[in-house]
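See below for the structure under consideration.
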Amino acid sequence: MSRATLLVLADGRFPAGGHAHSGGAEAAVAAGRIKDAADLAEFCRGRLHTSGLVAAALAAAAALGVDPLLLDEAADARTPSAALRTAARKLGRQMMRAARATWPSAELDALAAVRPKGAHQPVVLGLAARSAGLGPEDAAYVAAYEAVSGPASAVVRLLSLDPFDATGVLARLAPELDRVAADAGAAARRVPDEGVDALPASSAPLLDIGAEAHAAWAVRLFAS
Amino acid sequence: MHLDHSDPHSHSHDGPAAVSADAVRPDGRRRALRIGLGGPVGSGKTATVAALCRALRDELSLAVVTNDIYTREDAAFLLREAVLPPERITAVETGACPHTAIRDDISANLEAVEDLEDEVGPLDLVLVESGGDNLTATFSRGLVDAQLFVIDVAGGDDIPRKGGPGVTTADLLVVNKTDLAPYVGSDLQRMARDAKEQRAELPVVFQSLRSEEGVSEVAAWVRQRLADWTAA
Amino acid sequence: MTVGGALAGGGLRAAARIRAEADARGISRLPVLDGEGPLAVRRIRSAGPEARVALVGAMSAPLGGDRLTVAAEAGPGARLDVTSTAATIALPGQTKEPAHYDVRLSVEEDAELRWLPEQLISAHGSALQVTTRAEVAPGARLLLREEQVLGRTGEPPGNLTSRLTVRCAGRLLLDQELACGPAAPSGWDGPAALAGHRALGQLVVVRPELAEAPARPQLLGELAALTPLAGPGLLVTAVAPDALRLRRALDEAVRVVG
């Protein structure tokens, strides 16, 4: 694997639409559940170990070469919120466009052809990593990091939080990110033998409830 | 990979969608011309879009994509004004950064444009409006074929002199609300001189949407861009 | 398998099995109704064609190390309602081993199962892993409610993990894991997950008509949401400060889904 390639894919400026999504932070801020950097840290932690772990495992499995349509179905079942499924497919479509322009591959083309409106983002991300010559753990790292970096940068904008505090939150999550990426990679490696049920399905109730509330707002800054 | 044709997410495309601003759509048709409208808050971008829609809707098949700071506000205005049928107006959600969505990460806008072409097409023209942002916001060439930058006389007659990427490089600079110049003490001659200095041969239009001419000069410029695009 | 027996680790193993079948007149009968130890089952009189069963809390269970299994089946065309007479309380056992509570639901063609047990309470110091698996055949209907209460009044919760999977016509419709308590990954009680709420619940509805006409997403108050699943089902997720308010929210959800 190329460490530099990993940086390109993980860069927050990689043009795949992430900037317009808050990962549930906008809803949590509005509900008064995130007021400061400490709340942000707990929010990110909860997201990392639930939907972050699931996304990381899906991405790792896709990078490993597991059938992306099976993974897309597994992602649907693990994403009960319709608003979050819509957001995941929207982001998947955007990731697909960026990935096909950056690391073209027949596998990406094939998935784009059967999911023109987007597969779940972690699946596309994993396939993008595979097309870029990266491995399952790399894909898991990117997905896990996105699960926390998105909310952190959104909260900087939403609460005018000190950006150094937000970055500090992310830095202190590093050991947990390492663990989640490793767990996700290990789960993905069980899929060839055990099927997609080996992938985690961790959930966070308020992320799901908040996503549905947020989708119903008439006026909002972020798409999700 | 197995292909499940009964799948609700499947679609009848022959091949995957285009990656960037390719001139030809997957079905082989030439895509619509895309024109971006940027400029500072309150300069009259949305009003110009509305006026262009009224001026062109009878002769062209057109659609609008808005990039709002708060999602859907500009789209809601256009819907209220009923300048186009609602299915021809789409809002892109920008995460508080409309300039990012038109310049650095254009994927959501490309998708909005493609979806409009798929759903209400064929289209001749798509207007992509940026949310009110600042003087540095320009459109990526991966998203639009031409862009116009809208400023207004009430925002200060020194804006053309100050320059910035929008004023300097836009394919058309529109100085809006000229009817207000006497009231806000703006010197139109000076604005024209400064603009010429910043932009050399690039065109500038002074307009008042309240006047009889309204948006006609800008509309004529758009027609010319479309003629060039079709001939290319 | 040792039926109703003690396990080497110190817990006990018990199973209950319920099967409803429709007779020639469309009345659902209970050809299988077996329980043991802490898992007693009782038939309840039914005014309609459905068979009704209550799980009776005969002992305090599950304790650490216990392995309890409940299987409920509705045969082709049958209607089965299952409730329980009291909350299930997970308590610490003699061993450090977690208790396991497995629920297997099977709804065969054109059958209907309503699975509406009382709350599961995770008492301080307990460790319980709940697995609920529902298999729903084409044309069948399922209404499933799960409620978890974290700690008895005023006490911190034990460790509770649950995994709920619903398959429709062999296809995975819902797969959801939850981990709460001091051993859960950090953040479980933070602003993304529970934010201090001590009761949470799910209501799953599977109906064939939802494939064609998905439920409309809607909020049910500030702390509960109804969302269509990617298939013939819907899910209501709710959190609440306590069991009573959780039940109110889910009762409202049952009313909304009709």
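A, B, ... follow the sequence lines: proteins, then strands. Residue 1 opens every chain. Because the structure is a prediction, the values reported are computed rather than measured.
- Salt-bridge formation is not detected for the pair E135(C)/R104(C): no Lys NZ or Arg NE/NH1/NH2 atom is positioned less than 4.0 Å from an Asp or Glu carboxylate oxygen.
- When heavy atoms are compared at a cutoff of 4.5 Å, R78(A) approaches chain C by way of both its backbone and its side chain.
- Residues of residues 145-172 of chain A having a heavy atom under 4.5 Å from any heavy atom of chain C: none.
- Residues D72(A) and R89(A) are paired through a salt bridge, judged by an N-O separation under 4.0 Å between the basic side chain and the carboxylate.
- For A179(C), no part lies under 4.5 angstrom from a heavy atom of chain A.
- Per-residue heavy-atom pair counts under 4.5 Å with chain C were compared for L207(A), D208(A), V196(A), and the maximum is reached by L207(A).
- Ranking A77(A), S51(A), G46(A) against chain C, the residue ahead of the rest is A77(A), based on heavy-atom pairs under 4.5 Å.
- Proximity to chain A involves both the backbone and the side chain of L194(C), based on heavy atoms less than 4.5 angstrom apart.
- Contact count against chain A (heavy-atom pairs under 4.5 Å) is highest for L173(C) among L164(C), L200(C), L235(C), L173(C).
- At a threshold of 4.0 Å, the pair E118(C)-R247(C) counts as salt-bridged, since one of the basic side-chain nitrogens sits closer than that to a carboxylate oxygen.
- Residue contact with chain C, scored on non-hydrogen atoms closer than 4.5 Å, involves the backbone and the side chain of A213(A) alike.
- Annotation: residues 18-42 of chain A contacts chain C through R33(A), I34(A), D39(A), E42(A) [non-hydrogen atoms, separation under 4.5 Å].
- Using a 4.5 Å cut-off between non-hydrogen atoms, the part of residues 174-185 of chain A that approaches chain C consists of E176(A).
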Would you give me the side-chain donor-acceptor pairs under 3.5 Å for residues 198-205 of chain A, sequence neighbours excluded?
residue	atom	partner	partner atom	Å
S203(A)	OG	E177(C)	O	2.8

